[in-house]
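Remarks on the structure that follows.
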Amino acid sequence: MILISRITFSQTPKLGEFSDSEISMTEVAYEPDASAVILVSHGNSKFLPGLLETTHFVRLKVLSEAGKENADIRIRYYVGDQRMENISGVKAQTTNFENGKAETVKVSKDGIFEVDLDDGYKEMRISFPNVQIGSIIEYQYKKVDKNLTFIDGWTFQNKLPTLFSRYGIKMDPNLEYRTMGQGQNFSTSVEKTSEYDNYTWTLRDLRSLKEEPFMKNYRDYIDRIEFQLAQYRTSGDNGVEWKNVLNSWEVLGDEVISYYTDKGFYKNNPIAKEFLDVDLKGATQLETAQKAYYYLRNNFRVEGEDWIYPEQNLNQLLKSKVGTPVEAMLALMGVLKSEGIPCEPVLIGSKGYGRSDLVPFPFLNQFDEILLLAVLDGKPQFLDLSQTDAPFGYVDLNKHVSGGLYLQKKQSKIVPIEIQHNSNSIYFSQVTINEEGQLIMSNSHRNYRYRGLSLAKEIAGIEKRSESLAKLFDEEDGVVFENFQVNNLLEERDILTMNFETKFADSGDQDMILFSPLKFSSFSENPLTQEYRMFPVDFGYAFSETYNTVVTVPDGYEIDDYPLEAGYTINGEYVVFVYSSSMISNSLNISAKFVVKTPLIPATEYENLKYFMESVASKLSEPVILKKKLAP
C-alpha cells in the first residue's frame with residue numbers, strides 16, 4: 001500500500017481522471033466567492049543530456065460565469081537566439097457533466113497556437129471550447145530548458161485558489177543544486193518527500209493571489225521553490241572531481257565585473273575624453289557627483305528594462321546617448337572614477353523581483369538591478385539613475401532593500417543598504433469666513449523627499465493634460481479649489497510646497513456651518529477593508545503626516561462642537577496616531593499626527609491594523625460646527 005501511494009504521488013495526473021469530489025464541487029470552502037478553482041497543479045522535472053524537461057499538468061474547474069475567463073490560457077517562455085526554452089506535447093480538453101455523464105471535447109489544433117512577443121519571448125496560447133459553469137478544463141505540456149545553472153522550479157500559488165500543488169524533480173547525481181524555498185505556507189506547511197534522487201514538495205488549500213492595499217510586491221512573498229547549480233562532477237587528469245559553480249560572493253562578483261569589463265565600463269578613466277568640453281569639477285566631491293549626475297540625466301535618454309546586464313558597450317552608449325538604467329549608471333560610475341571619486345556597483349534584488357530577504361549564499365538569480373555606492377567627501381552615498389525625474393541622491397523606492405552585493409575585484413561582499421531620508425508631509429490650514437459669509441480654508445502643504453517627488457509627478461501629469469490642479473482632490477458638492485501655487489525645491493532643499501484655497505461656496509448665510517478641519521489627510525478613509533490579509537502591509541518607508549488647523553471664530557459665530565483628544569496604536573507600535581484640540585481666545589487649534597514607524601507590518605497584525613485605520617479615519621472625519629449667535 002505504501003509503495004502504491006508513493007508511485008501514485010510521483011506520477012503526473014492523467015487527463016479525464018476525476019475524483020467524485022472534483023465533479024461535485026460547486027464552491028471553495030475557504031474562499032466561497034472564487035469564480036474558479038485550480039484542482040490540481042503538478043510539475044515534474046528530469047534531466048536529459050544538456051536539458052531539463054518539466055512536465056506540467058493543470059486541472060481547473062469553472063464555478064461561476066466570471067470563471068469562464070480562465071478558459072484562455074497563456075504560457076510565456078523565453079526562446080532567445082539559441083532556443084533556450086521550448087514547449088511541446090500540448091494536450092488540452094474541456095469536460096462537462098450532463099446527468100452525471102462526462103462529455104469531453106478536446107481542444108483542436110486551431111485552439112493551440114504560439115505568439116511571438118518582444119525581447120526573445122514567445123507565448124503558447126490555449127483556447128478551450130464549450131466552457132460552462134461546472135466545466136473542468138485540463139491541459140498538459142512539456143517544457144525543456146537549456147539553462148541548467150538556474151532552474152525556475154515551481155510557484156505553488158496562483159491567481160485562483162489552488163487545492164493541490166506539487167512539484168517533483170529527479171536530480172542528476174552528477175549535478176548538485178542549492179534549493180531555495182520561500183513563502184509562509186512553504187515554511188510552515190510544505191509536505192516534502194525524498195527517496196534516492198527523487199524529491200517532491202506539496203502544498204494544499206492555497207488561497208488565491210488577490211490585490212491588497214499597500215502591497216505591490218506579491219512575488220516577494222508567494223510560495224515557491226527554485227534552484228541554482230552549486231557544483232558538477234567531471235573527469236580530469238586526477239580522475240573524477242567536483243567543480244564548484246559561483247561558490248563564493250567573490251567569484252560571483254568577479255563574473256559580473258568581467259561582463260561589465262567586456263562591455264567597456266571598467267577601463268581606466270573611460271569617460272574623461274568624452275567630457276573634456278564639460279566642466280564637472282565642483283568644490284567638493286559631492287558637488288562634482290551632482291554635476292555628473294545632472295549632466296548624464298539631462299543629456300542622455302534613459303529607457304528600457306532595469307536589469308543588471310548592459311546590452312550596449314560604453315562606446316555605443318556614448319554615441320547614441322540612449323541607454324538602459326544599468327548602462328547609464330555604469331557610465332556615471334566611470335565619470336566619478338575619472339574624477340577620482342571611489343564608486344562601485346551594488347547588485348540588488350528589487351522589491352517585487354521575488355525575494356523578501358537576500359539568500360545568504362551566492363545565488364546570482366536573486367539580483368535584478370543595480371545601485372552605485374560612492375564615497376563623497378568621506379561619506380557613503382547610494383546613487384540611482386533609473387528615475388529620470390528624480391533629483392540627485394534619490395533612489396527608486398523599489399530599490400530600498402536591506403542589502404546587496406558590492407562589486408569589487410576579488411573582494412565582492414554583501415553590504416547593508418540604508419538609505420536615510422525624511423519623507424514626511426506637513427499640512428497647515430487657516431479657516432476664516434469672508435465678507436460673503438463663505439467659509440474659506442487657506443492651505444499650505446509641505447511634502448519632503450519621496451512624498452514631494454510623488455506629488456510632483458502627479459502635478460506634472462495633470463499639467464500635461466492641461467487640467468486644473470483641483471484634480472488632485474475628490475470632487476465635492478459646493479467645494480471649490482482655487483489659487484494654486486506650487487514651489488518645487490526638491491533639487492535644492494528636498495521640499496515641494498503647494499498653497500491653495502478651499503472655498504465652501506454653500507456656507508454663506510447658514511445658521512450652522514459644519515466642516516472637516518483636517519480635510520486632506522491620506523487616511524481620512526480606511527484603505528484596509530478586506531476581511532482576510534494574505535501578505536504583509538507595506539507602507540514603503542517610514543514617514544509621518546502632521547496636520548495643523550487654526551479656526552478663527554468670526555464675529556457673530558461661536559463654536560458649537562469640535563473633536564476631542566484621542567490617541568491610538570497597535571501591538572509593537574508599528575503605527576501611531578495622536579489628535580488634540582484646544583480653544584485659545586477666539587481660535588480653535590486642532591492638530592494631529594499619523595506616524596508609520598515600521599513600514600512593513602506582518603499579516604498577523606492585520607485585524608489590529610484594520611481597526612486602527614478605521615479609528616483614524618473616523619477621527620479625521622469628525623467635524624467642527626460653527627453656530628450663529630442668537631441676537632440679544
Side-chain angles (χ1 to χ4, degrees), residues 424-434 437-446 473-474 476-479 501-504 506-508 510-529 537 539 542-598 601 605-630:
N424 301 325
S425 298
I426 301 176
Y427 304 144
F428 297 95
S429 296
Q430 177 76 44
V431 179
T432 58
I433 291 182
N434 64 12
Q438 296 171 322
L439 193 75
I440 301 294
M441 185 178 287
S442 300
N443 309 285
S444 179
H445 290 188
R446 300 177 185 175
F473 307 101
D474 294 332
E476 190 175 341
D477 290 341
V479 179
E501 289 185 350
T502 309
K503 181 188 295 183
F504 296 79
D506 297 336
S507 58
Q510 292 185 2
D511 292 335
M512 190 169 290
I513 302 174
L514 183 148
F515 64 95
S516 173
L518 305 181
K519 189 173 182 59
F520 305 107
S521 169
S522 304
F523 303 100
S524 55
E525 292 186 7
N526 182 8
L528 305 178
T529 58
V537 175
F539 285 100
F543 67 90
S544 67
E545 287 189 356
T546 303
Y547 325 97
N548 294 282
T549 297
V550 177
V551 181
T552 301
V553 182
D555 291 339
Y557 283 85
E558 62 183 354
I559 298 289
D560 184 68
D561 196 12
Y562 62 88
L564 301 178
E565 292 185 356
Y568 316 117
T569 188
I570 64 172
N571 295 333
E573 293 191 351
Y574 297 93
V575 287
V576 176
F577 178 78
V578 292
Y579 190 109
S580 63
S581 56
S582 62
M583 283 293 302
I584 302 175
S585 185
N586 204 37
S587 295
L588 172 63
N589 298 326
I590 295 177
S591 63
K593 192 167 188 177
F594 180 93
V595 182
V596 174
K597 291 184 175 182
T598 305
I601 304 175
E605 285 296 319
Y606 176 67
E607 285 299 321
N608 291 332
L609 181 63
K610 180 182 176 183
Y611 181 77
F612 169 89
M613 298 299 291
E614 188 62 44
S615 301
V616 170
S618 178
K619 193 64 185 177
L620 289 171
S621 65
E622 288 185 9
V624 169
I625 301 175
L626 289 175
K627 183 175 67 173
K628 276 189 177 180
K629 294 180 180 179
L630 295 176

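Quick caveat: nothing in here was measured; it's all calculated off a predicted structure.
For Asn526 (side chain) and Met613 (main-chain N/O), no donor-acceptor pair under 3.5 Å exists by modelled atom type. Judged by distance alone, the side chain of Asn424 and the main-chain N or O of Ser544 form a donor-acceptor pair under 3.5 Å. Side chain of Asn443 to main chain of Met441: a donor-acceptor pair is present (N/O by atom type, distance under 3.5 Å, no hydrogens or angles).
Summarising the local packing, OH of Tyr611 is surrounded by 12 or fewer heavy atoms from other residues, nucleotides or ligands at distances under 6.0 Å. The neighbour count for Glu558 CD, taken as heavy atoms of other residues, nucleotides or ligands under 6.0 Å away, is above 12.
Side chains of Thr552 and Thr432: a donor-acceptor N/O pair is absent below 3.5 angstrom, by distance only.
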Stepwise side-chain contact (heavy atoms from CB on, under 4.5 Å) test for Thr502 and Phe473: CA-CA 11 Å; Thr502 309; Phe473 307 101; over 6 Å; no

side-chain contact (heavy atoms from CB on, under 4.5 Å) evaluation trace for Val537 with Tyr574: CA-CA 11 Å; Val537 175; Tyr574 297 93; over 6 Å; no

side-chain contact (heavy atoms from CB on, under 4.5 Å) assessment of Tyr579 paired with Tyr547: CA-CA 9 Å; Tyr579 190 109; Tyr547 325 97; over 6 Å; no

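Taking OG of Ser522 as the start and CZ of Phe539 as the end, the distance is 10.5 Å to the nearest 0.5 Å. Put simply, CG on Asn586 and CG on Asp555 are 7.5 Å apart, with the number rounded to the nearest 0.5 Å. Atom NZ of Lys593 and atom CG of Asn548 lie 10.0 Å apart (nearest 0.5 Å). To the nearest 0.5 Å, atoms CD (Glu573) and OG1 (Thr598) are separated by 9.5 Å. Between the CG atom of Asp511 and the OH atom of Tyr557 there is a distance of 7.5 Å, given to the nearest 0.5 Å. Going from atom CD1 of Ile513 over to atom CG of Leu439 covers 5.5 Å, rounded to the nearest 0.5 Å.
The aromatic ring centres of Phe520 and Tyr427 sit 6.0 Å or more apart.
Among all heavy-atom pairs drawn from Val575 and Thr569, the shortest one is O-OG1, 2.7 Å. A pairwise comparison of heavy atoms in Tyr568 and Ser615 identifies CE1-O, 3.8 Å as the closest pair.
Residues satisfying the side chain to side chain contact (heavy atoms under 4.5 Å, CB included) test with Asn589, not counting sequence neighbours, are Val550, Ser582, Ile584, Ser587. Residues meeting the salt bridge (charged side-chain N to carboxylate O under 4.0 Å, His left out) test with Glu501, sequence neighbours left out: none. The side chain to side chain contact (heavy atoms under 4.5 Å, CB included) search around Glu476 returns Val479, Lys519, not counting sequence neighbours. With sequence neighbours excluded, the residues forming a salt bridge (charged side-chain N to carboxylate O under 4.0 Å, His left out) with Glu545 are Arg451, listed by chain and number. Taking Asp561 as the reference, nothing meets the salt bridge (charged side-chain N to carboxylate O under 4.0 Å, His left out) condition, with sequence neighbours excluded.
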Please tabulate, for the side chains in residues 616-626, all donor-acceptor contacts under 3.5 angstrom to protein atoms that are two or more places apart in sequence or on a different chain.
| unit_1 | atom_1 | unit_2 | atom_2 | d |
| --- | --- | --- | --- | --- |
| Lys619 | NZ | Leu564 | O | 2.7 |
| Lys619 | NZ | Glu622 | OE1 | 3.1 |
| Ser621 | OG | Ala617 | O | 3.2 |
| Ser621 | OG | Ser618 | O | 2.8 |

